[in-house]
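Counting starts at 1 for both ligands and their atoms, following the listed order.
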Amino acid sequence: MKNGDIVQKLLAWFARHARDLPWRRTRDPYAIWVSEIMLQQTQVKTVLPYWRRWLRALPHLAALADAPPATLHKLWEGLGYYARVRNLQRAAQIIQQQHHGRFPRDFDAVRALPGIGRYTAGAICSIAFNQPRPVLDGNVMRVLARLYGVAGNPRAGRANARLWELAEALVRRAAGLRARRGCAALNQSLMELGALVCAPRQPRCALCPVSGACVAHRTGRVAELPERPRRTRPTPRRFMAFVVDRHGRVLVRQRPAGGVNARLWEFPNVEVAPGDSDARAAARKALGRLPAALEPLAVLPHTITRYRITLAAYRAAWRGETTPSRAGARWVERRALNQLAFAGAHRKILRQLQAGPGKPS
Ligand code: SF4
């Protein structure tokens with residue numbers, strides 16, 4: 001089957017089977033860009049409410065450029081990988097300053113924006129502007145590696161370069177057809193096929209519009225392709241965190257700019273050695289002095305990038321008026337805690353706290 005036939009089949013399949021996602025109903029590059037950034041590392045069903053809430057709160061570029069960081073963090077809270085939201089705002093500010101507030105249409109100008117790599121620039125230019133720019137995310141890699149029988153690590157080296165070439169050949173072919181918005185539809189058909197049919201395990205080849213052309217299907221190599229890089233084992237880390245209460249106010253602190261979870265809020269905490277269970281010593285280290293009482297609250301598992309974290313949380317009673325002398329620490333009314341954007345593991349503590357006694361995790 002030639003590329004032209006593959007493209008025709010993909011377009012016909014997409015027209016019938018594409019999910020009705022809200023960012024597919026718009027050509028606004030801003031709305032499409034936000035969806036693409038949210039969808040990095042995150043599933044569609046998780047992104048849907050976040051995207052809707054974001055577009056209601058910040059309906060255009062200027063609103064994003066001018067939004068207070070606390071608003072952005074709250075809108076993003078729970079999606080993780082917070083560098084994405086900071087890059088979104090920096091990019092919006094650059095567009096305001098350098099492109100007169102209009103989202104650039106030029107691929108190189110789009111790619112030069114913070115947080116936008118080759119994939120995201122290709123997605124925006126093809127979906128919003130129907131330009132023949134290829135996309136290669138995890139779903140598209142899997143489809144193309146199987147369809148064309150591309151061996152090797154799909155994320156690096158020659159195999160990756162070959163997959164980009166194939167993606168480009170297909171979208172250019174789509175541009176040459178009379179199809180309405182063919183480039184936008186072709187790229188999205190590859191993403192959608194990977195999401196709905198050509199799944200990582202047990203792809204539904206019987207329903208696949210291009211099974212007749214698929215090398216992996218024909219040669220019985222579907223389970224082998226694409227090659228999976230060896231996973232590194234996650235590193236275990238252990239933290240102790242302290243929910244310090246004084247007259248209905250709780251001690252929290254804001255993480256410094258520039259590091260992991262920058263500017264997000266957390267309860268005072270310290271990292272401890274894997275077997276260390278001395279909560280009193282950890283409390284003294286985290287708070288500067290020993291609290292009046294300590295009581296276990298919850299033990300919460302949390303995974304972030306390559307770390308498998310265990311977070312042991314304690315309630316701590318605080319006597320006296322002195323505030324623990326830690327940078328960024330602040331007493332906050334209990335009921336106002338929900339207004340702050342917490343780092344993922346600490347939001348779990350907050351939920352635990354609000355679930356009340358008798359509901360351990
Ligand atoms: S035939 Fe199967 S393996 Fe090949 S592209 Fe279609 S779903 Fe994927």
Side-chain angles (χ1 to χ4, degrees), residues 1-21 23-24 35-36 39-47 118-120 122-123 126-127 130 132-177 179 181-231:
M1 200 185 288
K2 292 190 174 136
N3 272 354
D5 298 326
I6 290 175
V7 167
Q8 295 276 19
K9 286 188 182 299
L10 286 169
L11 291 177
W13 176 84
F14 186 67
R16 288 191 62 190
H17 297 282
R19 285 170 293 178
D20 179 21
L21 302 175
W23 46 84
R24 288 191 176 149
S35 76
E36 286 296 334
L39 286 164
Q40 292 169 8
Q41 324 274 352
T42 313
Q43 293 184 339
V44 166
K45 69 174 189 298
T46 307
V47 165
R118 185 175 179 185
Y119 163 79
T120 307
S126 62
I127 298 171
N130 197 38
R133 295 288 179 178
V135 293
L136 192 66
D137 65 354
N139 282 333
V140 180
M141 272 177 200
R142 187 166 59 255
V143 170
L144 295 182
R146 287 170 173 170
L147 184 56
Y148 292 95
V150 179
N153 180 356
R155 296 186 180 275
R158 285 171 55 186
N160 181 263
R162 176 74 184 130
L163 292 172
W164 275 110
E165 277 171 23
L166 291 166
E168 180 153 12
L170 291 177
V171 76
R172 285 192 177 279
R173 198 77 188 79
L177 300 175
R181 291 182 44 75
C183 300
L186 185 276
N187 279 351
Q188 290 181 91
S189 76
L190 288 168
M191 299 175 191
E192 196 75 336
L193 193 70
L196 301 184
V197 175
C198 194
R201 286 185 191 79
Q202 298 177 333
R204 302 191 295 163
C205 301
L207 302 177
C208 178
V210 289
S211 59
C214 180
V215 172
H217 184 55
R218 197 173 60 238
T219 58
R221 290 159 65 211
V222 170
E224 291 164 30
L225 293 172
E227 283 182 14
R228 290 184 187 87
R230 283 228 319 268
R231 281 179 182 256

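Atom 2 (Fe) of ligand 1 has as its closest protein heavy atom Cys205 SG, 2.3 Å.
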Pair Leu207-His17, side chain to side chain contact (heavy atoms under 4.5 Å, CB included): steps then yes or no | CA-CA 11 Å; Leu207 302 177; His17 297 282; over 6 Å; no

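Leu190 has its side chain out of reach of Asn139: every pair of non-hydrogen atoms, C-beta onward, lies at least 4.5 Å apart. Residues Arg24 and Arg19 form a side-chain contact, since some pair of their non-hydrogen atoms from C-beta on lies under 4.5 Å apart.
Interface atoms of ligand 1 facing Cys214, defined by a heavy-atom separation under 4.0 Å, are 1 (S), 3 (S), 4 (Fe), 5 (S). Listed by number with element, the atoms of ligand 1 under 4.0 angstrom from any heavy atom of Ser211 are 1 (S).
Counting heavy atoms closer than 4.0 Å to ligand 1, residue Cys198 contributes atoms from both its backbone and its side chain.
Checking His217 against atom 2 (Fe) of ligand 1, every N/O/S atom stays at or beyond the 2.8 Å cut-off. At least one N/O/S atom of Cys208, whether from backbone or side chain, sits less than 2.8 Å from atom 6 (Fe) of ligand 1.
A distance of 12.5 Å separates CD in Glu192 from CG in Asn187, rounded to the nearest 0.5 Å. Rounding to the nearest 0.5 Å places CD of Glu224 at 7.5 Å from OG1 of Thr219.
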